[in-house]
J.: 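Here you go, one structure.
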2 protein chains.
Amino acid sequence: MASLSETHDALTKRLTDTGLRATPQREVVFKVILEKRDHPTADEIFARVKAQMPTISLATVYNCLETLVQNGLVRQVNFDRAPTRYCPNLHEHAHFHDETTGAVHDIDVPAEVMVKLRELLPHGYDACAIELSFRGAAGVRRNFAQN
Amino acid sequence: MASLSETHDALTKRLTDTGLRATPQREVVFKVILEKRDHPTADEIFARVKAQMPTISLATVYNCLETLVQNGLVRQVNFDRAPTRYCPNLHEHAHFHDETTGAVHDIDVPAEVMVKLRELLPHGYDACAIELSFRGAAGVRRNFAQN
DNA sequence: CAGTTTGTTTAGAATTATTCTAATTCCTTC
DNA sequence: GAAGGAATTAGAATAATTCTAAACAAACTG
């Protein structure tokens, strides 16, 4: 996995390329999302960021998240009407929402499956985004590491 | 397609089976969703229902929608943070959200594709629901009937 | 049937995630 | 170091939805 300083550079580059600034607020919001990849909500991100930067405001967190999303540095994930969650995994993937624990897990989707899905669309339909999500229970307890 | 009176009977049966009542409000909300299958929001349903039953309240529309959903008579569809939409198509299917017109189209998903999707889940993950949605533009204008 | 219970509707208040507003602060560049 | 644009901030505003408590309606019960 890319180191934090690498991703930090990526942030700076991606932002300055679009004429935006790599502010401390944007950096810390990004860092927090990379650090604990548990698909936090804006509120949770706010709480974590506040620990390092007590003066930041919730509005700023929302602003930062918006710029990060617009610049393709994090991804937004929505489940039903629940608060939006944020995900640093930029590879094509689906999400599994564990209803019993509330946890969200990334699910790998092979490119060929994505192609298959795209083929479901009638002629003339052009999808710029495909969202696939599962809801259920990750019931079985295993002995080896969990994600 | 099932006639309206058939589906009306289905509504009555499904509700009374769970000890609920087939009230005029529930009936008209259900009818409105079946009549124009354009994935309306609660607000839109409220407006349409009001034309036939001017005294109904928005809260009741929400209540009715909740019971209809809980009893498997209509399906809820969410796109990002947009208002929830309601869909009378109970077959397994995906949705295409046309960003230019705001329209929502049903997309057929063959059973074998659903099986493939379910196979993406690691052992121990049990999905009770799979949501697949496309976002984009249905750009090509065609001469024949559109859905 | 009269009375009670249970389920349903209703209007309006409350909630909650998010966005907006307007003022202030911060960089960057002349 | 002043000007101008970008970003942050606190708090107000918004919008979809849910909650609350009262009124209503239908269904049981004796």
Side-chain angles (χ1 to χ4, degrees), chain A residues 11-12 14-32 39-50 52-71 73-74 76-87 97 102 104, chain B residues 11-32 39-50 52-71 73-74 76-86 97 102 104:
Chain A
L11 170 76
T12 309
R14 197 65 77 84
L15 290 177
T16 50
D17 277 2
T18 354
L20 300 172
R21 295 180 195 153
T23 66
Q25 287 86 345
R26 284 170 181 166
E27 280 168 8
V28 68
V29 166
F30 190 41
K31 183 159 84 68
V32 149
H39 304 83
T41 64
D43 257 358
E44 286 162 353
I45 293 167
F46 180 47
R48 293 177 198 177
V49 164
K50 232 182 174 171
Q52 303 174 48
M53 188 185 271
T55 59
I56 201 171
S57 80
L58 179 58
T60 301
V61 171
Y62 273 105
N63 289 340
C64 293
L65 290 171
E66 200 189 349
T67 50
L68 292 177
V69 168
Q70 279 173 354
N71 290 82
L73 289 155
V74 309
Q76 241 171 329
V77 186
N78 289 293
F79 290 107
D80 296 341
R81 310 242 85 239
T84 300
R85 296 170 170 281
Y86 296 86
C87 171
H97 189 214
V104 176
Chain B
L11 169 76
T12 307
K13 184 165 186 335
R14 197 64 78 83
L15 291 177
T16 51
D17 278 1
T18 352
L20 301 172
R21 294 176 195 156
T23 66
Q25 287 86 344
R26 283 170 180 165
E27 281 168 8
V28 68
V29 166
F30 189 41
K31 184 159 83 72
V32 149
H39 305 83
T41 64
D43 256 359
E44 288 162 351
I45 293 167
F46 180 47
R48 294 176 199 177
V49 164
K50 232 180 174 174
Q52 302 174 50
M53 187 187 270
T55 60
I56 200 170
S57 80
L58 180 56
T60 302
V61 170
Y62 273 105
N63 289 341
C64 292
L65 289 171
E66 200 190 349
T67 50
L68 292 176
V69 168
Q70 280 173 353
N71 289 82
L73 289 155
V74 307
Q76 241 171 331
V77 186
N78 288 292
F79 291 107
D80 297 340
R81 309 241 84 240
T84 301
R85 296 172 170 280
Y86 296 86
H97 188 213
V104 175

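Only this structure's heavy atoms are used, side chains among them; waters, hydrogens and symmetry mates stay out. Fair warning: this is a prediction, and the values are worked out from it, not measured in the lab. Letters A, B, ... are given to chains in the order of the sequence lines, protein chains preceding strands, and every chain is numbered from 1.
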J.: Rounded to whole Å, how long is the line connecting atom CG of B:Asp80 with atom C1' of D:dA16?
T.: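 Rounding to the nearest Å, CG of B:Asp80 and C1' of D:dA16 are 15 Å apart.
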J.: Testing B:Leu58, B:Val28, B:Val74, B:Val29 for side chain to side chain contact (heavy atoms under 4.5 Å, CB included) with B:Ile45, which one passes?
T.: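 So, applying the side chain to side chain contact (heavy atoms under 4.5 Å, CB included) to B:Ile45 and each of B:Leu58, B:Val28, B:Val74, B:Val29, only B:Val29 qualifies.
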J.: Tell me whether A:Arg48 contacts the main-chain N or O of A:Val32 through its side chain, where contact means a donor paired with an acceptor under 3.5 Å.
T.: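 The answer is no, because no donor-acceptor pair under 3.5 Å joins these two groups.
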J.: Map B:Thr60 and A:Thr84 onto DNA chain C by nearest heavy atom, then report which one ends up closer to the 5' terminus.
T.: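 Looking at the nearest nucleotide for each, B:Thr60 comes out on the 5' side.
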J.: Taking CG from A:Leu65 and P from D:dA7, how many angstroms apart are they, rounded to a whole number?
T.: 15 Å
J.: Is it the case that the side chain of B:Arg81 and the backbone of A:Arg81 share a donor-acceptor pair, with hydrogens and angles ignored and the cut-off at 3.5 Å?
T.: yes
J.: Select from B:Val61 and A:Glu66 the residue whose nearest nucleotide in DNA chain C is closer to the 5' end of that strand.
T.: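 The residue whose closest nucleotide sits nearer the 5' end is B:Val61.
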J.: Nearest whole angstrom, please: distance from the P of D:dA6 to the CG of A:Asn71.
T.: 14 Å
J.: So, does B:Arg81 get its side chain near the phosphate of C:dT18, meaning an N or O under 4.0 Å from OP1 or OP2?
T.: yes
J.: Using heavy atoms to find the nearest nucleotide of DNA chain D for B:Pro83 and B:Arg21 separately, return the residue whose nucleotide is more 5′.
T.: B:Pro83
J.: Nearest whole angstrom, please: distance from the P of D:dA16 to the OH of B:Tyr86.
T.: 12 Å
J.: Write down the distance between CG (B:Leu58) and P (C:dT15), rounded to a whole number of angstrom.
T.: 18 Å
J.: Does any part of the side chain of A:Ile56, heavy atoms only, come nearer than 4.5 Å to the side chain of A:Phe46, both counted from C-beta?
T.: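 Yes, at least one pair of side-chain atoms sits under 4.5 Å.
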J.: Assign each of A:Cys64 and B:Asn78 to its nearest nucleotide of DNA chain D by heavy atoms, then name whichever residue's nucleotide is nearer the 5' end.
T.: A:Cys64
J.: Could you check how far CD of B:Glu44 sits from P of D:dA15, rounded to whole Å?
T.: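 Computing the B:Glu44:CD to D:dA15:P distance gives 15 Å.
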J.: Is there a side-chain contact between A:Tyr62 and the phosphate of C:dT19, meaning an N or O under 4.0 Å from OP1 or OP2?
T.: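 It does not, given that no N or O in the side chain of A:Tyr62 lies less than 4.0 Å from OP1 or OP2 of C:dT19.
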J.: Tell me the interatomic distance from B:Arg26, atom CZ, to C:dT10, atom C1', rounded to whole angstroms.
T.: 14 Å
J.: Can you identify which nucleotide, out of C:dA11, C:dA17, D:dT9, has its nearest atom closest to the A:Asp43 side chain?
T.: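 Minimum distance to the A:Asp43 side chain belongs to C:dA17.
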J.: Determine yes or no for a side-chain-to-main-chain donor-acceptor pair under 3.5 angstrom, with A:Arg26 supplying the side chain and A:Arg21 the backbone.
T.: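 Between the backbone of A:Arg21 and the side chain of A:Arg26 there is a qualifying donor-acceptor contact (under 3.5 Å).
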J.: Categorize B:Thr55 for me: base, sugar-phosphate, or nothing, with a 4.0 angstrom heavy-atom threshold over every strand shown.
T.: sugar-phosphate
J.: Under 4.0 Å between a side-chain N/O of A:Gln25 and OP1 or OP2 of D:dT9, yes or no?
T.: yes
J.: Please give, in whole Å, the distance from D:dT18 C1' to B:Asn63 CG?
T.: 9 Å
J.: For the side chain of B:Ala42, starting at C-beta, report the closest nucleotide among D:dT17, C:dA11, C:dT8.
T.: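 Closest nucleotide to the B:Ala42 side chain: D:dT17.
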J.: Counting the atoms with a prime plus P, OP1 and OP2 as sugar-phosphate, which does A:Thr23 contact under 4.0 Å by heavy atoms, base, sugar-phosphate, or nothing?
T.: sugar-phosphate
J.: State which of D:dA7, C:dC20, D:dA16 makes the closest approach to the side chain of A:Ala59.
T.: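 Selected nucleotide (nearest to the side chain): C:dC20.
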